[in-house]
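A short write-up of the structure that comes next.
Just so it is clear, the values below take in all heavy atoms, side chains as well, and ignore hydrogens, waters and symmetry mates. Throughout, protein chains are lettered first and strands after them, A, B, ... in sequence-line order, and every chain is numbered starting at 1.
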Amino acid sequence: MSKKIGVFVCHCGTNISATVDVEKVAEEAKKNNPGVSYTTTYKYMCSDPGQKLLRDKIKEEGLDGVVVAACSPKMHEHTFRNAAKKAGMNPYHVEISNLREQCSWVHPDKPTGTEKSIDLVRMMTEKTRKDKSLNPIKVPVTKRALVIGGGIAGIQAALDIADAGHEVIMVEREASIGGHMAQLSETFPTLDCSQCIMTPKMVELAQNENIKLYTWSEIESVDGYLGNFDVKIRKKARSVDLDLCTGCSSCWQVCPSKKIKSEFDMKLGNRTAIYIPFPQAIPSKPVIDREHCLLFKDARKKNIPPNDSKVCRKCLDVCPIAPVKAIDYSQEDEFITEKIGAIIVATGFKELDDTSMYGEYGGGKYQDVITGLQFERLASASGPTEGEIQRPSDGKLPEIIVFIQCVGSRDPAKGCSYCSKTCCMYTAKHTMLYKHKVHDGHAYVFYIDIRCAGKDYEEFWLRAVEEEGATYLRGRVSRIYKKGDKLVVLGADTLTGSVVEIEADMVVLASAMKAQDDAEKFAQKLSIQYNKDKFFSEIHPKLKPVESSSAGIFLAGTCQGPKDIPETVAQAGAAASKVLALLSADELEREPVVAKVDRLPAPIFSTCIGCFYCKRVCPYGAIAEEDIKARDGSVIKTVARVNEGLCQGCGLCAATCRSKSVELAGFNDEQVYAEINSVEFN
Amino acid sequence: MSETKFEPKIIAFLCNWCTYAGADLAGTGRKQYQANVRIIKLPCTGGIDPLFLIKAFERGADGILVSGCHPGDCHYNSGNYHARRRWNVFRPLLEFCGINPNRIQFSWISAAEGGKWVETINSIVDTVRALGPFEGYHKLNTIGPETSGEVAAAPSETG
Amino acid sequence: MTEETKKTKIGYYPGCAITKCSTSEEYGTSVLGVSRVIGPELVEIDDWNCCGASSAHATNHKLSTALSVRNISLAEKDGYDEVLAPCPMCSQRLIISQNDVHEDKKLREEVEDAIEMPISSNVKVSNYLEIIKNYSMDEIAEKRKKKPEGLKVASYYGCLLVRPPKILKFDDPENPTTMDEIVTAIGAEAVDWEFKTNCCGGGFTLSRPNVVVKLTHDILEGAADAGANAIAVACPMCHANLDMRQKNIEKEYGRRFNIPIVYISELIGLALGLKPKDLGMDKHFIDTDFVVDAFSNIEE
Amino acid sequence: MKIKITTKELKSDFAKEVKERSGIDVKKCYQCGKCTAGCPVAYEMDYMPNQIIRFVQLGLRREALTSRTIWLCASCITCSTRCPKEVKIAELMDVLREMALEEGVANPMEKNITTFHEAFLNSVKKHGRISEFWMLSEYKRKRPKTALQDIEIGPQLMLKGKLSLTPHDIKGKKSIKRIFEKFK
Ligand SMILES: Cc1cc2nc3c(=O)[nH]c(=O)nc-3n(C[C@H](O)[C@H](O)[C@H](O)COP(=O)(O)OP(=O)(O)OC[C@H]3O[C@@H](n4cnc5c(N)ncnc54)[C@H](O)[C@@H]3O)c2cc1C
Ligand SMILES: Cc1cc2nc3c(=O)[nH]c(=O)nc-3n(C[C@H](O)[C@H](O)[C@H](O)COP(=O)(O)OP(=O)(O)OC[C@H]3O[C@@H](n4cnc5c(N)ncnc54)[C@H](O)[C@@H]3O)c2cc1C
Ligand code: SF4
Ligand code: SF4
Ligand code: SF4
Ligand code: SF4
Ligand code: SF4
Ligand code: SF4
Ligand code: SF4
Ligand code: SF4
């Protein structure tokens, strides 16, 4: 019996109907196609009445196939399948013709667009004719979340999930959580001290019983799928036993290797070889930097196991823990596998700290030309100068300070076209912090545009100008050079049409927020997508802003793109709520788009010839070998079988199989050939 | 389309994650391009059976585009890599069948590359238009799988 | 590589300014003098013409392109695959023109028609610093006879050697170091300073001397304040502007620099023990005795 | 200055013409001012380099072509080298100068500069190479006001044997003439 198919053509207001003759499309769908028993057009198919229309007609007309000719299936395939389901139809008999993205929006000529639309509807009608009923696959959910990255985004997300009663594993690759926010002095737009609002959150996280924290650790691999990930974590050798260590600080006080540039202080201060990154670190237990530790250096040179080295060992000697010391030079990387239901990626950003590409600004060779984060450390009460704005070269208070915005951002010639979104605001903040500390000093800011479009943001930067007296000059700086102990800054003020030359004591570059150096590799490990600037991609910028392209993996914070703390925290909360929604169910329904190897009655059993090419190509190891046995237990033949839980529905196996024994549900050969055959060729 | 001017028909096999989304993006960005392409969406370019392409030619397509994610970006890790390998094997076969390889293009277009989609379509349409209609398809009848060209117009086919 | 180097024959395009009896003849004299000692062998391209310099490119792009490219085609005809144009105005014009005809097919056809020769894109045009760096650094170390004493040299590159960087592909446009390396190789002290690639006013010597006076003042001041007692150049225009304008500068700014401006080829020549006169050291406006005297110690 | 925009006015093809002649797309410039900031001659100019680009963006042909700026540009290429949007400003100045000469609107205040270029090219045209002495003579003759300027330098050059009175003609003078005729 032939299917009774209904075709619903959407106007999308006028988005479609302006350049596609929707009435004609509906009419043609019926013509020469007796299988199509009902057609109509409607203004907004996705609206409530539109969906009701679909439900009603399925029932009234007794339809067993539906084509909605509307927008991209990425928008509303789900909507319409759901509607059909409510009307008692198997949802996989609904197909979408993409008239909006593929015709009306891209082909302005109405006859052309209409003709193509007619084709697209026919293709989907024919596919629908071959559609089979499919039932969602149910998979159990591991009720445990993984949060990767312990900046403010990760911390917020982890706390939200843990507070709702679910287990969280947090993996942070540095020795402490905190990320960039821990480095900031005071934060816009309220100028509250970053440590004061950050530290309590870090402590809360450490004390939360639902959260298991792995610092100095990285993700080795992620396998499995939504609800059932297997995550392998590499615990890098810390050389300190976290269970034994009490954080008494004796070791780092005696360590003789003291002149190592502190990463936390953006190289403006020093640290020891055994160290905690900053006083409020969580956990407040040290790590040995093996590259700089004298003992490890010696061991490397002599090519002996570290424990055999006799050099230094001061930290071990002083460690009060007994009988076994908390320090262990022989520690090695450890691997742990955790079962995980959902993942939040919160790996943050990297400040453009290598300014060597800016030869015109000294290419990184002037000590007193610093980056935004370096300024944060200078201004921070816990920083290397205890909050005094001293210039790095000689400790002098800068009387004239110049800020340059958009360094490394909005500069395609240097390989970066986007706006970093935070630097207009943090530069305004810097001028204020500077004025609060150097009362007689003067701050000049070179800018191209001021982009302060948040709540109370405009008011904030105007305060910098009107109350704190910062002078804003509209123009990019072309050159910085040294003259005696001054830095001559050559800029422009395009508003007066003049060149501006300032003899400054210090220059701060508002350098760009970039994706992490390893972002690309990391994304590939997780099979998530990223944009040209290596920031991770959400599925839809407006409607799915925290969902990555891989089911069950969500994005939070600056790993997705430049943003400030308020936006980061909001996004982290959103990601957490998505994870909670997933973890609240015992079972998840998965799209039944999976492969299946045929099974036939004896004596054939299956057309599969057991070559297992499919097994070789399957990226998910979803194909197993199955013995078909006779009653007496002897093996008649060994054939392939797909594990539905693991199969992700890529179709590689089906395309590879020579005996055509595997098919991919929803995209089987019949369906694809139906589409090909239905195209009207001239 | 008018009788006088040759307008090629091109079938595009796209992966769901990258290029289909890239084509959507071209739409969202209202980027205009030539209307000669009919898209068939599959989960992954790795799932394209070479016989699909033969079938399309046999049915009268003048050109074919196969487009998926960039290397390393495949939603299924390695699908596009397999697609490329399969294509390498398949190419000589095409030439053997007398199909000008310029009638088939392979490309990588990500979900972010609406502009590249437009360029690719315009370029393949122009190329194929210059090559003229593909008339070798009747020779292919012996090669393709056994689906008759009449299916589209045969509504009695059971579902 | 020494034997090889000597055999390397490179087309020599002197350009108008540095030929005999021209304003910068000492540059040409010293370049040739030095090459006779440390190679590579330079052979003048037959019947070369003026590249048109800034006057052509500033007013007529096609004319400028044709005048420049004609010389490259001549070099190709003479069988060279590399040409040295010691004057950076010339080398820059030649390279840019070569690039332009390469990128623009129509222009290429027009120019080929005008010069009545095919255009080759195989000839590499090099500036003097590149030639020394690529062929003669070992030779300098080997054949150095005199070691200068107390000579602190600021290497001044000007605009034309390094810009536009994407086309010339020579050194760092903001902080080049090739000339400094050569200065160090002959045993003088290379002064680190800030004005290596600032503009000296170039072709405005006659038409806009006021501009030249200001720009050269800033450069001389930068060198002097960085502790240099000589400035090395590899450009006739830079040389002319810095050497001839010091009097005007004194009048305008009241500061007397009296810094000798020497061609890098002259410095190499002095280190090799060539006679100052043969290098044209007597042809400068600012007295060069100080520099010549610095080279009075025989090495080892 | 007042810029008037009506449907009739400002349908200028100036930017398009510039693009066709030089390949430079001034739309790319976002007016950051970096070109101006680094320009060694900006202090002498009547309009800043970024303003010249703005003129082209807005189709203000007269303002751009009659400016003194285009003549004062020393072709140092600092601007193009540092432009974040890779706009070739120095090369744009070349095109504008060329257009100004073609249209006969070069700013008379910078006649020294245009005359110098003229004298220079005349010498090339005549001999195939520059004859510095004769080029200088032509320049000084045409710009008598400059005659006394640098009066001490010429004789000093002569004295050092650096200024030859006899021009050097190349063999292929005809070929040079052909080039000049083709690209007038
Ligand atoms: C100079 C400057 C000043 C600023 N001032 C303000 C301000 O005043 N107000 C404001 O609202 N915003 C400000 N910001 C922005 C603010 O810093 C960010 O919005 C915020 O820090 C982003 O947090 P995050 O968690 O997304 O990223 P991050 O803070 O970068 O945290 C990411 C964490 O992930 C870890 N990680 C990275 N990769 C991996 C991996 N592969 N495996 C495991 N862990 C990993 C990192 O070690 C880090 O701990 C400023 C930014 C800068 C540069
Ligand atoms: C001209 C314009 C163009 C825009 N274009 C874009 C664009 O292209 N892209 C983009 O991303 N954004 C755009 N925006 C912004 C976008 O419109 C908003 O971000 C978005 O609509 C905000 O959604 P909302 O739900 O917060 O508020 P609203 O859309 O205002 O919804 C609030 C709802 O609450 C109801 N309501 C109010 N008070 C009460 C009450 N007391 N009790 C019960 N119900 C109540 C209202 O009736 C309304 O339905 C545009 C905005 C404007 C003004
Ligand atoms: S279904 Fe799609 S095309 Fe129709 S109104 Fe909704 S958004 Fe527009
Ligand atoms: S001395 Fe021992 S207990 Fe104290 S911080 Fe160091 S490792 Fe920990
Ligand atoms: S062994 Fe010595 S150098 Fe190494 S961390 Fe311990 S105290 Fe520091
Ligand atoms: S936020 Fe402001 S300073 Fe930062 S890149 Fe954007 S415009 Fe430039
Ligand atoms: S490729 Fe096909 S025949 Fe071979 S094992 Fe897999 S299902 Fe069986
Ligand atoms: S469709 Fe086939 S190859 Fe792809 S995941 Fe499933 S079983 Fe593996
Ligand atoms: S530097 Fe470039 S972008 Fe900036 S104003 Fe000049 S031309 Fe425009
Ligand atoms: S090329 Fe001209 S406009 Fe550009 S910086 Fe140099 S002098 Fe100024």
Side-chain angles (χ1 to χ4, degrees), chain A residues 352-371 391-394 400 402 404 406-408 411-417 446 475-492 497-507 509 511-512, chain C residues 129 152 154-181 184 190-202 204 208 210-211 213-228 231 249 253 255 257 259:
Chain A
L352 172 79
D353 56 354
D354 172 22
T355 44
S356 57
M357 76 254 260
Y358 281 92
E360 63 269 44
Y361 298 168
K365 75 175 179 219
Y366 304 133
Q367 267 185 301
D368 296 332
V369 176
I370 63 172
T371 68
R391 53 183 212 174
S393 62
D394 57 6
I400 292 185
V402 170
I404 306 178
C406 305
V407 174
D411 194 345
K414 311 270 193 219
C416 177
S417 55
F446 284 99
R476 229 184 224 278
V477 167
S478 174
R479 176 96 206 274
I480 302 172
Y481 63 89
K482 236 181 131 123
K483 190 173 175 188
D485 73 339
K486 300 275 182 186
L487 291 160
V488 182
V489 180
L490 271 184
S498 38
V499 179
V500 179
E501 187 178 307
I502 301 180
E503 282 195 10
D505 298 299
M506 186 156 124
V507 177
L509 308 177
S511 30
Chain C
L129 301 176
K152 296 182 184 168
S155 296
Y156 174 62
Y157 300 75
C159 312
L160 302 166
L161 281 167
V162 291
R163 289 189 290 257
K166 286 214 168 118
I167 296 174
L168 300 188
K169 300 189 182 75
F170 169 71
D171 216 330
D172 180 334
E174 302 295 348
N175 186 21
T177 50
T178 312
M179 199 175 343
D180 301 71
E181 284 167 41
T184 313
V191 173
D192 190 23
W193 66 311
E194 299 283 1
F195 296 83
K196 288 179 174 181
T197 63
N198 272 38
C199 174
C200 69
F204 286 153
R208 272 300 198 138
N210 59 330
V211 169
V213 167
K214 176 186 182 290
L215 299 181
T216 45
H217 162 264
D218 295 351
I219 294 163
L220 290 166
E221 185 181 63
D225 290 352
I231 298 178
I249 290 168
Y253 291 86
R255 180 164 175 188
F257 290 104
I259 300 182

field: Under 4.5 Å from a heavy atom of chain A, the part of N175(C) involved
entry: side chain
task: Locate the shortest heavy-atom distance separating R479(A) from E194(C); write the atom from each residue and the value.
output: NH2-O, 2.6 Å
query: With sequence neighbours excluded, what pairs up with D225(C) under the side-chain hydrogen bond (donor to acceptor under 3.5 Å, both in side chains) test?
result: R255(C)
Residue K152(C) excluded, over 12 heavy atoms near NZ under 6.0 Å: no
field: Set of residues satisfying ring-ring contact (aromatic ring centres under 6.0 Å, His included) with respect to Y358(A), sequence neighbours excluded
entry: Y361(A)
- request: For chain A, find its close neighbours in residues 158-171 of chain C: heavy-atom separation under 4.5 Å, sorted by number, or none.
  value: none
query: Partners of K214(C) by salt bridge (charged side-chain N to carboxylate O under 4.0 Å, His left out), sequence neighbours excluded?
result: D218(C)
